[in-house]
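What's counted below: heavy atoms across the whole structure, side chains too, no hydrogens, waters or symmetry copies. Only a predicted model underlies this, so the values are computations on that prediction, with no experimental measurement involved.
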Amino acid sequence: MAQLSLFLVILFALIVPLLMAKLRVNAVPTAIAEIIVGILLGASGFNVVGVTHDLSFLSNLGVILLIFLSGMEIDFYLLKPHQGKKKNKQAVNPMRIAVGSFLSISVVAVFLGWLLKWFGLFNDVALAAIIFMTIALGVVIATLKEKDILRRPIGQTILLTAVLGEVIPLMLLTIYAAVNGGNTKQLWLIILLFMAAIVLLWRSKRLYLWFNDVTKNTTQLDIRLAFFLIFALVTVAEKVGVENILGAFLAGIVMKLLEPSHETKDKLTSIGYGFFIPIFFIMTGVKLNLRSLLAHPRSLTLLPVLVVFLLIAKLPVVLIYAKKFGYRNGLAGGVLSATTITIVLPTLAVARKLRVITSLQSDVFILAAVIVCIFCPVIFNAIFKLQPEDRIKEKVVLVGATALTVPVLLDLHDKWYSVKMMTSDEEDYNLYKSRVPSLDLLPELTEAELEQNGAFNGNIFVAALMSDKENLRLAKLARQKGDFKRIIVCQKRMANEEAAQLAEKGIEIFNLGNVSAALLRALIESPAVYRVLTDTKNALYSVVVRNTHYTGRQLADWDVAHDITVDRIHRGQEWLVPHGYSVIEEGDELIFSAKSQAADRVRKVIGRK
């Protein structure tokens with residue numbers, strides 16, 4: 001039975017996303033679908049999966065990795081005021097909005113807990129308040145990731161609100177357990193957990209940089225360090241009597257502050273979401289026993305009240321978000337913040353150990369949390385709409401204002417790119433500042449200057465000064481300090497071996513001499529190709545297919561097919577020649593030619609989930 005249960009859980013962890021893609025179910029997050037499948041497989045449904053030792057271990061590891069990755073998702077650049085810019089009263093401060101939102105939630109949660117006691121439905125005000133103020137950080141992150149807004153201001157605001165809705169209740173749960181268990185002395189031990197996190201950060205910084213230089217495929221030292229941080233802080237958390245997921249969250253923050261490479265984060269995300277985290281969500285559904293609840297109809301009278309109160313508790317979020325993000329997205333953000341399951345489970349487990357809640361009451365609370373978790377992300381996906389400022393997909397940081405870079409900046413599509421340009425040459429600054437509003441003068445281009453002006457916050461970094469040596473320094477600094485998807489360095493001369501080493505670190509080389517020679521050859525051999533490459537009105541573009549409405553279909557069946565000419569399809573490591581009968585898969589990158597207006601539409605509808 002144990003082996004069959006493990007097999008079925010892993011099987012359905014594979015099947016669920018495949019079925020959702022095949023049936024084009026886009027409104028429901030994968031995490032919620034996995035909880036529903038768990039309910040069907042467990043005691044509430046067909047009862048073919050039981051809670052075994054192996055599944056409990058994998059599920060616990062899944063929630064630990066989920067919370068660890070949650071800590072890694074926080075963009076600390078958004079938590080501090082941006083220096084070097086004029087203050088803007090309308091600017092979004094995600095941390096300030098999140099703190100205000102959570103404080104409002106806390107006040108309402110205490111009031112709702114008192115109402116439950118006043119009506120005689122549930123007597124423990126403190127426990128009810130903790131549950132009402134919790135937010136399911138894992139479900140929120142999964143939903144924001146699938147919506148592709150996690151790194152945008154509204155996504156970071158929702159994320160930070162959810163972080164507070166997970167960490168603060170964890171701390172309160174620790175205090176609650178200590179007080180009700182008669183062991184208040186352990187509260188002082190929480191300081192040890194934070195001290196351990198600080199020590200690990202302080203001692204691991206240089207070690208991590210060295211790991212990055214010596215790691216290879218057979219060692220994967222960056223991943224080993226990540227798991228060391230996880231288990232070190234989880235162990236300390238358990239020893240001092242704190243829930244282990246608080247230690248996991250601190251480990252994620254430490255890992256984020258170590259500034260891991262994009263490849264490291266991709267590997268950790270693949271390990272978590274590829275295997276362990278789906279098991280946690282499925283087992284959450286498996287553990288829920290609806291049959292025992294149905295056998296006691298009186299206990300179900302509490303269910304609709306809890307569902308309504310879980311929603312009312314997050315009503316202040318709607319009002320606060322609406323002022324910054326508009327009523328529609330404010331409502332969507334408030335509804336998503338109402339999701340609560342991750343912390344509810346350990347909270348109720350602690351309450352059962354302390355015998356302050358019955359098993360039946362615990363199941364009602366869990367069922368209410370599951371119901372909210374199922375419907376809130378669906379409502380969010382139906383309501384949320386990207387604002388114009390959120391549609392800018394790529395932020396480009398370009399260092400060097402020259403006759404080459406300024407025209408490139410002006411030609412970049414303003415609906416696709418937000419460009420910040422910097423220069424150390426005062427003469428160039430005075431020459432181009434009237435044409436480039438986003439141009440900043442940094443006389444020394446030191447690390448402190450660059451960091452102060454947000455040079456390490458973006459998606460693409462381009463070092464295009466006149467000095468090859470200086471460009472190389474900036475590119476390496478951007479790789480070390482930033483979280484860039486691409487780094488481009490301009491070089492007049494570079495040995496092939498050095499170029500290969502940079503390519504291994506994810507740094508791309510732009511050699512003007514090679515490009516000029518290639519264009520001249522194209523003009524001689526293929527004039528039409530040259531005209532396509534140099535035409536700014538009807539040019540070559542690329543888009544990664546994310547909209548599942550267009551996946552699994554032949555290219556000829558697309559409603560935008562007549563507006564574009566697809567030249568190549570990049571799938572995995574292969575370049576495919578397109579045909580009308582070519583079936584497009586999610587994640588394919590299409591290289592196509594079109595007029596700028598048509599390219600706008602294609603990137604908007606095909607490149608969005």
Side-chain angles (χ1 to χ4, degrees), residues 1-67 136 138-139 142-143 146 245 270-297 299-300 303 306-307 339-349 352 358-378:
M1 179 65 182
Q3 193 67 29
L4 177 62
S5 295
L6 178 61
F7 170 76
L8 288 174
V9 170
I10 294 176
L11 174 65
F12 278 92
L14 172 65
I15 290 176
V16 168
L18 292 177
L19 283 176
M20 293 180 71
K22 183 68 176 177
L23 300 175
R24 296 175 184 171
V25 179
N26 301 319
V28 181
T30 307
I32 303 305
E34 288 163 351
I35 292 176
I36 296 173
V37 167
I39 292 173
L40 295 175
L41 295 175
S44 303
F46 298 104
N47 200 24
V48 292
V49 172
V51 181
T52 66
H53 176 271
D54 291 342
L55 283 173
S56 295
F57 173 77
L58 293 173
S59 177
N60 290 335
L61 192 53
V63 71
I64 286 172
L65 282 173
L66 177 65
I67 303 304
V139 177
T143 305
E146 292 188 7
I245 52 179
S270 299
I271 293 170
Y273 285 97
F275 182 72
F276 293 101
I277 294 173
I279 294 177
F280 162 69
F281 284 123
I282 291 175
M283 290 307 297
T284 297
V286 168
K287 292 174 184 177
L288 188 63
N289 193 340
L290 297 181
R291 293 183 180 180
S292 65
L293 286 178
L294 295 175
H296 298 82
S299 63
L300 289 177
L303 180 62
L306 291 179
V307 171
T339 55
T340 173
I341 190 69
T342 314
I343 303 301
V344 170
L345 299 177
T347 300
L348 293 171
R352 286 195 300 271
T358 67
S359 179
L360 215 55
Q361 288 175 323
S362 174
D363 284 347
V364 175
F365 271 100
I366 293 175
L367 181 57
V370 169
I371 290 172
V372 171
C373 266
I374 289 173
F375 289 102
C376 285
V378 175

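- Distance check: T284 OG1 to I35 CD1 gives 5.5 Å after rounding to the nearest 0.5 Å.
- Nearest approach of C373 to A136, heavy atoms of both residues: SG-CB, 4.3 Å.
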*asked:* Checking L61 against F280 for the side chain to side chain contact (heavy atoms under 4.5 Å, CB included) test, could you report, in this order, the C-alpha distance in whole Å, the side-chain angles of both residues, the deciding distance, and whether it holds?
replied: CA-CA 8 Å; L61 192 53; F280 162 69; over 6 Å; no
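- Here I374 pairs with I32, I36, V370 under the side-chain contact (heavy atoms from CB on, under 4.5 Å) rule; sequence neighbours left out.
- Of all heavy-atom pairs spanning V372 and P377, the tightest one is O-CD, 4.0 Å.
- Atom CZ of F375 sits in a sparse spot, with 12 or fewer heavy atoms from other residues, nucleotides or ligands closer than 6.0 Å.
- Under the side-chain contact (heavy atoms from CB on, under 4.5 Å) rule, F281 has a single partner from V139, V63, T30, which is V139.
- Summarising the geometry, atom OG1 belonging to T340 is positioned 11.0 Å from atom CD1 belonging to I366; distances are rounded to the nearest 0.5 Å.
- The CG atom of D54 sits 12.0 Å away from atom OG of S59, with the distance rounded to the nearest 0.5 Å.
- The distance from atom CZ of F365 to atom CG of L306, rounded to the nearest 0.5 Å, is 4.5 Å.
- In this structure, the separation between CG on L303 and CG on D363 is 11.0 Å, given to the nearest 0.5 Å.
- Atom CD of Q3 and atom OG1 of T52 lie 9.0 Å apart (nearest 0.5 Å).
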*List the steps, then state whether side chain to side chain contact (heavy atoms under 4.5 Å, CB included) holds for L58 with F275.*
CA-CA 9 Å; L58 293 173; F275 182 72; 4.1 Å; yes
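- A donor-acceptor contact shorter than 3.5 Å links the side chain of S5 to the backbone of G50.
- Every side-chain contact (heavy atoms from CB on, under 4.5 Å) that V9 has, sequence neighbours left out, goes to V49, L55, I279, I282, M283.
- Nearest heavy-atom pair across P17 and F12 is CD-O, 4.5 Å.
- Shown here for G272 and P278, the closest heavy-atom pair between the two residues is O-CD, 3.7 Å.
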